[in-house]
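Report on one structure; see the data block that follows.
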Amino acid sequence: AQSVTQLDSHVSVSEGTPVLLRCNYSSSYSPSLFWYVQHPNKGLQLLLKYTSAATLVKGINGFEAEFKKSETSFHLTKPSAHMSDAAEYFCVVRTAGGTSYGKLTFGQGTILTVHP
Amino acid sequence: NAGVMQNPRHLVRRRGQEARLRCSPMKGHSHVYWYRQLPEEGLKFMVYLQKENIIDESGMPKERFSAEFPKEGPSILRIQQVVRGDSAAYFCASSPLPAVDGNTIYFGEGSWLTVV
C-alpha cells in the first residue's frame with residue numbers, strides 16, 4: 001500500500017522569500033513521485049516528477065524537489081515566491097505494481113498563500 | 001494537440017436526478033482515469049479504464065456510480081440518483097500507455113457537480 005502525508009495544510013510566505021512544502025511518502029516499491037499545482041477552480045498542472053533518475057528534480061516556474069530515500073521525503077522548494085504561486089499543491093505517489101499503473105495516491109494538499 | 005477535455009465544467013442536479021460527466025482524452029491516449037475531489041480533500045482514485053474495458057474500479061462506490069470508455073467517443077462517468085454527498089469536483093486524466101515510469105498522466109480541468 002502507498003500513502004502520502006503533506007505535513008502542512010497551509011503555508012504562508014512573503015513575496016520574494018523561500019518556499020518549502022513538505023511531503024513524506026510510504027511505498028512498498030521504489031516510488032514515482034509528483035508534485036501538482038491547482039489554482040482555484042482549475043485543473044491540475046504537473047510541476048515536476050521523480051522517476052528514479054536524479055534525486056534533485058527541477059520543475060516549471062522555478063520549483064524543485066529532492067527525493068530523500070532515507071527520510072522518505074520529497075519536499076518542494078522555490079528560492080523566491082511570486083504572487084502567482086498562490087495555489088494548492090499536491091504531493092502524489094504512483095502505484096508501482098500490479099495492473100493499475102497510473103493509480104495515483106494524493107496527499108491532502110497544502111494551500112500556499114503569498115503576501116505582498 | 002488539445003488537452004484532456006471535460007464537459008460540462010459545471011453541473012447542477014437535484015437530488016434523485018442523474019449526472020453524466022464526459023471526458024475526451026488527449027489524442028492518442030487510450031487510458032483514462034477518473035478522480036473525485038471532495039471539498040477540503042485531496043483527489044481520490046475512482047476508476048481506470050482502457051477502451052471498452054474497466055481495468056480497476058476499486059475506488060468506485062458500489063452503488064449508483066458507473067463508468068465506461070467505449071470504442072468510439074468519450075469516457076462517461078454516470079451517477080444515478082444523486083445525493084448531496086456526491087457534490088464534488090470530478091477530474092479525468094489520460095495517459096498514452098499504462099503509466100509506467102517516466103510517463104505522465106495528464107489531467108482535465110474538472111467537472112464541478114453540485115447537488116441541490
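Letters go in sequence order (proteins before strands), and every chain restarts at 1. FYI, side chains are in, hydrogens and waters are out, and symmetry mates aren't considered; it's all heavy atoms of this structure. The structure displayed is predicted, hence computed values, not measured ones.
Residues L46(A) and I105(B) have side chains not in contact (no heavy-atom distance under 4.5 Å, counting atoms from C-beta outward).
L56(A) and Y25(A) sit in two unconnected hydrophobic clusters of ILVMFWY residues. Membership requires side-chain heavy atoms under 4.5 Å apart, directly or through other members. V82(B) and W34(B) fall within a single hydrophobic cluster, where Ile, Leu, Val, Met, Phe, Trp and Tyr side chains are chained together by heavy-atom contacts under 4.5 Å. Under the 4.5 Å side-chain contact rule for hydrophobic residues, V92(A) and L44(A) share a cluster.
Atom NZ of K58(A) is surrounded by 12 or fewer heavy atoms from other residues, nucleotides or ligands within 6.0 Å. Residue E18(B) places its CD atom among more than 12 non-hydrogen atoms of other residues, nucleotides or ligands, all under 6.0 Å distant.
Not one N or O on the side chain of Y33(B) forms a donor-acceptor pair closer than 3.5 Å with the backbone of L104(A).
F106(A) pairs in a ring pair (Phe, Tyr, Trp, His ring centres under 6.0 Å) with only one of the listed residues (F91(B), F45(B), Y35(B)), which is Y35(B).
Heavy atoms closer than 4.5 Å to chain A are found in the side chain of Q37(B), but not in its backbone. Neither the backbone nor the side chain of Q45(A) has a heavy atom closer than 4.5 Å to any heavy atom of chain B.
The ring of Y36(A) has its center closer than 6.0 angstrom to the ring center of F107(B).
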